[in-house]
Amino acid sequence: MTAWKAAVLTVCGLIAAGSIAAGIIDRVQQRKAERIAKTEGKAVHRPYGPYEKYFKRALDFALSSVALIVLSPLMALLALLVRVRLGSPVLFHQQRPGKDEKLFTLSKYRSLTEEKDDYGEYLPDEDRLTSFGAWVRSSSLDELPELVSIWKGDMSIVGPRPLLVKYLPLYNEEQRRRHDVRPGLTGLSQASGDVDMTWERQFALDAEYVGHVTLWMDVKIILLTVRRVLVRHRHGYGGFVRGEFQGNVEAVEHATAAK
């Protein structure tokens, strides 16, 4: 057996062992969360089926491990391009709420310039989005560093997209269900094809996914997402900047009263 074959087999064995361990750890964490929720009298998210309960996390670990190895040259090239075209830093880091609203650090390739106004404040996103940044966004290449978050267990390949921390008090109970599962690199709302989707529509699709997590659903979302990325330039997605979520009337009133 040649050295490279031995190396490949070793890597495959490590990925397989890591996937099994990741699945077991995830199940242990699920059961612990269920016990805590019951003790505190909170609603408990029940996995839809065996795939979500036992296999989804293990598959996330395996696929993200392979993707990080295969795509590492591309990720290095992108880092260099961002450094040359947009300057430093190469990565954009921000705290986002994940499963059970626990915060984690989301990392993406930077797509906006660092331009500021006379008062030292950043210019609006649309003024800092260059043609290169729009291309990085429209191709979804800016999302590649999130593979590390998937590997670590903060995210999943498929799930509701992680949004801003400041939106947490603005959700109603149905919208808050999006945090019953890990946030995803892509999700049902991203695969639906609506470039200018409303927040209400996105949250409705997120809730639909949370209630029906299956292998077929994940495969369908991934295939639709690939299709969307390939044709996205026709819709000018890279230059579209959606306004911030303002909340629901009842949620906003509750948040205001709590201050």
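Note that these values count all heavy atoms, side chains included, but never hydrogens, waters or copies made by symmetry.
For the pair Gln190/Arg228, no side-chain contact is recorded, criterion being any heavy-atom separation below 4.5 Å from C-beta on. The shortest distance between side-chain heavy atoms of Glu244 and Tyr167 falls below 4.5 Å. Looking at heavy atoms from C-beta onward, Gln175 lies in side-chain contact with Phe245 at the 4.5 angstrom threshold.
Asp218 and Tyr51 get closest at one heavy-atom pair: OD2-OH, 2.6 Å. The two residues Phe104 and Pro162 come nearest to each other via the heavy atoms CZ-CB, 4.1 Å. Residues Tyr209 and Gly159 approach most closely at CE2-CA, 3.8 Å, considering heavy atoms. Closest heavy-atom contact between Leu163 and Pro97: O-CD, 3.0 Å.
Scored by the salt bridge (charged side-chain N to carboxylate O under 4.0 Å, His left out) test, Lys152 finds Asp154 as partners (sequence neighbours excluded). Every side-chain hydrogen bond (donor to acceptor under 3.5 Å, both in side chains) that Gln95 has, sequence neighbours left out, goes to Thr105. Judged as a salt bridge (charged side-chain N to carboxylate O under 4.0 Å, His left out), and not counting sequence neighbours, Asp180 has no contacts. For the side-chain contact (heavy atoms from CB on, under 4.5 Å) test, residues two or more places apart in sequence or in another chain that qualify with Ala67 are Leu71, Leu147. Residues that satisfy the side-chain contact (heavy atoms from CB on, under 4.5 Å) test with Tyr54, not counting sequence neighbours, are Arg27, Pro50. Residues forming a side-chain hydrogen bond (donor to acceptor under 3.5 Å, both in side chains) with Glu146 (at least two apart in sequence, or on another chain): Arg161. By the salt bridge (charged side-chain N to carboxylate O under 4.0 Å, His left out) test, Arg182 pairs with Asp26, sequence neighbours left out. The side-chain hydrogen bond (donor to acceptor under 3.5 Å, both in side chains) search around Glu174 returns Arg177, not counting sequence neighbours. Listed by chain and residue number, nothing satisfies the salt bridge (charged side-chain N to carboxylate O under 4.0 Å, His left out) test with Lys99 (two or more places apart in sequence, or in another chain). By the side-chain hydrogen bond (donor to acceptor under 3.5 Å, both in side chains) test, Arg176 is found to be paired with Glu101, residues two or more places apart in sequence or in another chain being considered.
Phe203 and Tyr171 have perpendicular rings, their planes meeting at more than 60° on a 0 to 90° scale where under 30° would count as parallel.
Here the side chain of Lys56 pairs a donor or acceptor atom with the backbone of Val158 at under 3.5 angstrom.
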With a cut-off of 3.5 Å and sequence neighbours excluded, list every side-chain donor-acceptor pair involving residues 81-94.
{"unit_1": "His93", "atom_1": "ND1", "unit_2": "Ser107", "atom_2": "OG", "d": "2.7"}
{"unit_1": "Gln94", "atom_1": "OE1", "unit_2": "Arg96", "atom_2": "NE", "d": "2.7"}
{"unit_1": "Gln94", "atom_1": "OE1", "unit_2": "Arg96", "atom_2": "NH2", "d": "2.7"}

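Applying the side-chain hydrogen bond (donor to acceptor under 3.5 Å, both in side chains) test to pairs two or more places apart or on separate chains, those with a residue in residues 59-73 are Asp60-Ser156, Ser65-Trp151.
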Show your reasoning for whether side-chain contact (heavy atoms from CB on, under 4.5 Å) applies to Ile25 and Arg57. CA-CA 9 Å; Ile25 292 172; Arg57 171 60 192 139; over 6 Å; no
